[in-house]
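Here is the structure we will look at, set down as structure tokens.
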Amino acid sequence: MYEHIEMDLPSYWLSAIFNGDQSGFTDEEQEQYNAFIKDMNSQYSNWNELDYTGEAHFTNYHDATKYGVLACDVETVTFTVN
């Protein structure tokens, strides 16, 4: 059974999440993003990006903080997971 989850993620990750384009990442940003993907793959047997709000907002704490991403503009991204 699929469910939807929402996560506040860095706006600059959107191109990578939705288009697979990681070309603008620094080495550090690449490592942070890869850690996020690794966790998503280990936590969910199947997941897909679905949508994002289109309304960026700046925040100190978000769902990528645990990967070392500092305060930044974030978007709320919706995923389908099972």
Side-chain angles (χ1 to χ4, degrees):
M1 173 113 188
Y2 287 95
E3 64 182 85
H4 292 150
I5 61 168
E6 291 184 342
M7 304 175 93
D8 287 333
L9 298 172
S11 297
Y12 64 89
W13 282 14
L14 292 180
S15 183
I17 292 170
F18 287 93
N19 301 318
D21 180 10
Q22 302 169 27
S23 60
F25 285 171
T26 64
D27 290 342
E28 181 180 21
E29 291 167 344
Q30 184 70 54
E31 289 176 20
Q32 294 164 338
Y33 180 75
N34 287 344
F36 165 74
I37 295 298
K38 181 179 177 181
D39 280 356
M40 288 292 283
N41 287 336
S42 67
Q43 189 170 5
Y44 303 105
S45 61
N46 191 13
W47 63 273
N48 292 295
E49 65 282 353
L50 186 61
D51 200 4
Y52 65 96
T53 57
E55 299 176 12
H57 63 279
F58 185 84
T59 186
N60 289 319
Y61 302 102
H62 43 73
D63 292 301
T65 301
K66 68 181 180 179
Y67 305 107
V69 179
L70 302 177
C72 63
D73 285 336
V74 299
E75 297 267 359
T76 302
V77 180
T78 304
F79 296 93
T80 58
V81 298
N82 82 1

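Remember, it's a predicted structure, so these values are computed and weren't measured experimentally.
Placement of Leu50 and Met7 in two distinct hydrophobic clusters is found when ILVMFWY residues are connected by side-chain heavy-atom separations under 4.5 Å, directly or transitively.
Between the side chain of Glu31 and the main chain of Glu28, no donor-acceptor pair closer than 3.5 Å is present. In this structure a side-chain-to-backbone donor-acceptor pair under 3.5 Å is missing from Thr59 to His62. In this structure, Asp21 contributes its side chain and Ser23 its backbone to a donor-acceptor pair below 3.5 Å.
For Phe25 against Glu29, the heavy-atom pair with the smallest separation is CA-OE1, 3.3 Å.
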Show me, pair by pair, the donor-acceptor contacts under 3.5 angstrom made by side chains of residues 74-82, not counting sequence neighbours?
| residue | atom | partner | partner atom | Å |
| --- | --- | --- | --- | --- |
| Glu75 | OE1 | Thr53 | OG1 | 3.0 |
| Glu75 | OE1 | Gly54 | N | 2.8 |
| Glu75 | OE1 | Glu55 | N | 3.0 |
| Thr76 | OG1 | Asp8 | OD1 | 2.6 |
| Asn82 | OD1 | Ser45 | OG | 2.6 |
| Asn82 | OD1 | Asn46 | N | 3.4 |

Step by step, work out the side chain to side chain contact (heavy atoms under 4.5 Å, CB included) result for Phe18 and Asp51.
CA-CA 9 Å; Phe18 287 93; Asp51 200 4; 5.6 Å; no

Side chain to side chain contact (heavy atoms under 4.5 Å, CB included) evaluation trace for Val69 with Trp13
CA-CA 11 Å; Val69 179; Trp13 282 14; 3.8 Å; yes

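Phe58 belongs to no hydrophobic cluster with other residues, because no ILVMFWY side-chain heavy atom falls under 4.5 Å from its own, directly or through intermediates.
Annotation: side chain of Tyr44 is in contact with side chain of Ile5 (closest heavy-atom distance under 4.5 Å). Contact of the Asp63 side chain with the Glu6 side chain is not registered, since no non-hydrogen atoms from C-beta on lie closer than 4.5 Å.
The distance between the ring centers of Tyr67 and Tyr33 does not fall below 6.0 angstrom.
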